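Working notes, structure below.
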Amino acid sequence: MNELLPLCNSRDLVDGGQAVPFDVNYAGQACRAFAVRFKGLPHAYLNRCTHVAMELDWQPNRVFDDSGEWLLCASHGAAYLPDTGQCAGGPCHGGLVKITLSESGGVVYWHSAYNLLPLAF
């Protein structure tokens with residue numbers, strides 16, 4: 001069931017830089033997700049704030065604050081830790097839904113799970 005799915009080239013994820021968006025089927029619903037790099041490691045989450053189920057981006061693929069230290073929801077200012085997705089401040093209710101990533105041979109992969117699948121076309 002768990003499958004490695006190519007997401008992007010390693011060089012596409014820059015520390016504190018733009019997110020790489022991708023679509024997943026989470027618990028039976030089509031959802032937007034994003035991958036970022038923080039302190040050298042790739043991380044991915046559903047693009048859904050825990051305060052109000054809205055995407056975090058304040059501009060397309062911009063989920064980091066200006067310092068590159070926090071993932072920030074543009075709508076109401078909820079802040080999340082980039083390496084764990086846990087709430088770090090503002091009106092969040094728990095952490096972001098984390099998606100397991102791995103990196104090998106210059107490629108970043110996301111891992112499917114029982115409730116996280118690629119979209120069927």
Side-chain angles (χ1 to χ4, degrees):
M1 180 79 151
N2 290 352
E3 188 179 354
L4 291 181
L5 300 143
L7 173 60
C8 64
N9 291 315
S10 293
R11 69 178 173 272
D12 295 336
L13 292 178
V14 177
D15 252 79
Q18 288 200 4
V20 171
F22 61 109
D23 295 310
V24 298
N25 179 323
Y26 177 71
Q29 293 186 334
C31 295
R32 199 78 162 145
F34 65 88
V36 293
R37 187 175 300 279
F38 181 70
K39 296 187 177 176
L41 298 174
H43 301 280
Y45 303 96
L46 288 186
N47 195 352
R48 184 183 291 172
C49 183
T50 62
H51 171 231
V52 176
M54 298 173 65
E55 293 186 1
L56 274 63
D57 316 35
W58 55 276
Q59 288 182 351
N61 307 324
R62 295 268 187 198
V63 292
F64 276 106
D65 71 339
D66 289 341
S67 73
E69 292 294 315
W70 310 100
L71 300 177
L72 193 63
C73 179
S75 297
H76 301 106
Y80 301 92
L81 298 174
D83 54 348
T84 65
Q86 290 306 300
C87 179
C92 32
H93 304 290
L96 299 173
V97 175
K98 191 162 180 74
I99 298 170
T100 302
L101 296 183
S102 58
E103 193 167 17
S104 174
V107 177
V108 175
Y109 298 89
W110 67 277
H111 299 229
S112 67
Y114 76 95
N115 62 348
L116 187 69
L117 301 168
L119 284 184
F121 291 101

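Just the heavy atoms: all of them, side chains too, but no hydrogens, waters or symmetry mates, feed the values below. Predicted model only: the values in this text are computed from it and were never measured.
The ring-ring contact (aromatic ring centres under 6.0 Å, His included) test with F22 singles out one residue from W110, Y45, F34, Y109, and that residue is W110.
The aromatic rings of H51 and H76 sit perpendicular to each other, their planes meeting at more than 60°, with 30° as the lower class boundary.
Listed for the K39 side chain is no donor-acceptor partner under 3.5 Å among the backbone atoms of D15. For the pair Y80 (side chain) and L96 (backbone), a donor-acceptor distance under 3.5 Å is absent. Between the side chain of N25 and the main chain of L119, no donor-acceptor pair closer than 3.5 Å is present. For the pair R37 (side chain) and D12 (backbone), a donor-acceptor distance under 3.5 Å is absent. At least one donor-acceptor pair under 3.5 Å links the side chain of D65 to the backbone N or O of W70. D57 places no side-chain N or O within 3.5 Å of a backbone atom of A74 that could act as its donor or acceptor partner. Side-chain atoms of T50 come within 3.5 Å of backbone atoms of G94 as a donor-acceptor pair (strictly under, hydrogens ignored).
How far NE2 of H43 is from CD1 of I99: 13.0 Å, rounded to the nearest 0.5 Å. Distance check, rounded to the nearest 0.5 Å: SG of C73 to CG of L56 gives 4.5 Å. Between the NE2 atom in H111 and the CG atom in L4 there is a gap of 4.5 Å [rounded to 0.5 Å]. Interatomic distance, CG of L13 versus CG of L7, reported as 7.0 Å (0.5 Å rounding). Taken to the nearest 0.5 Å, the CG atom of N61 stands 9.5 Å off from the CD atom of E55. In this structure, L116 CG and L46 CG are separated by 7.0 Å, a value rounded to the nearest 0.5 Å.
Between S112 and N2, the shortest heavy-atom contact is O-OD1, 3.1 Å. Smallest separation of non-hydrogen atoms from C31 and Y26: SG-CB, 3.9 Å.
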Next on the checklist: Please determine whether disulfide bond (SG atoms under 2.5 Å apart) holds for the pair C87 and C92, giving the CA-CA distance in whole Å, both sets of side-chain angles, and the decisive distance to 0.1 Å.
Outcome noted: CA-CA 6 Å; C87 179; C92 32; 1.9 Å; yes
Next on the checklist: The test is side-chain contact (heavy atoms from CB on, under 4.5 Å); show your working for Q18 and R62 and say whether it passes.
Outcome noted: CA-CA 5 Å; Q18 288 200 4; R62 295 268 187 198; 3.5 Å; yes
Checklist entry - Can L41 and D83 be said to form a side-chain contact (heavy atoms from CB on, under 4.5 Å), step by step? => result CA-CA 8 Å; L41 298 174; D83 54 348; over 6 Å; no
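Note: the hydrophobic cluster containing V36 does not contain V97 (ILVMFWY, side chain heavy atoms under 4.5 Å, direct or indirect links). The hydrophobic clustering, which links ILVMFWY residues whose side-chain heavy atoms are closer than 4.5 Å, places V108 and V24 together.
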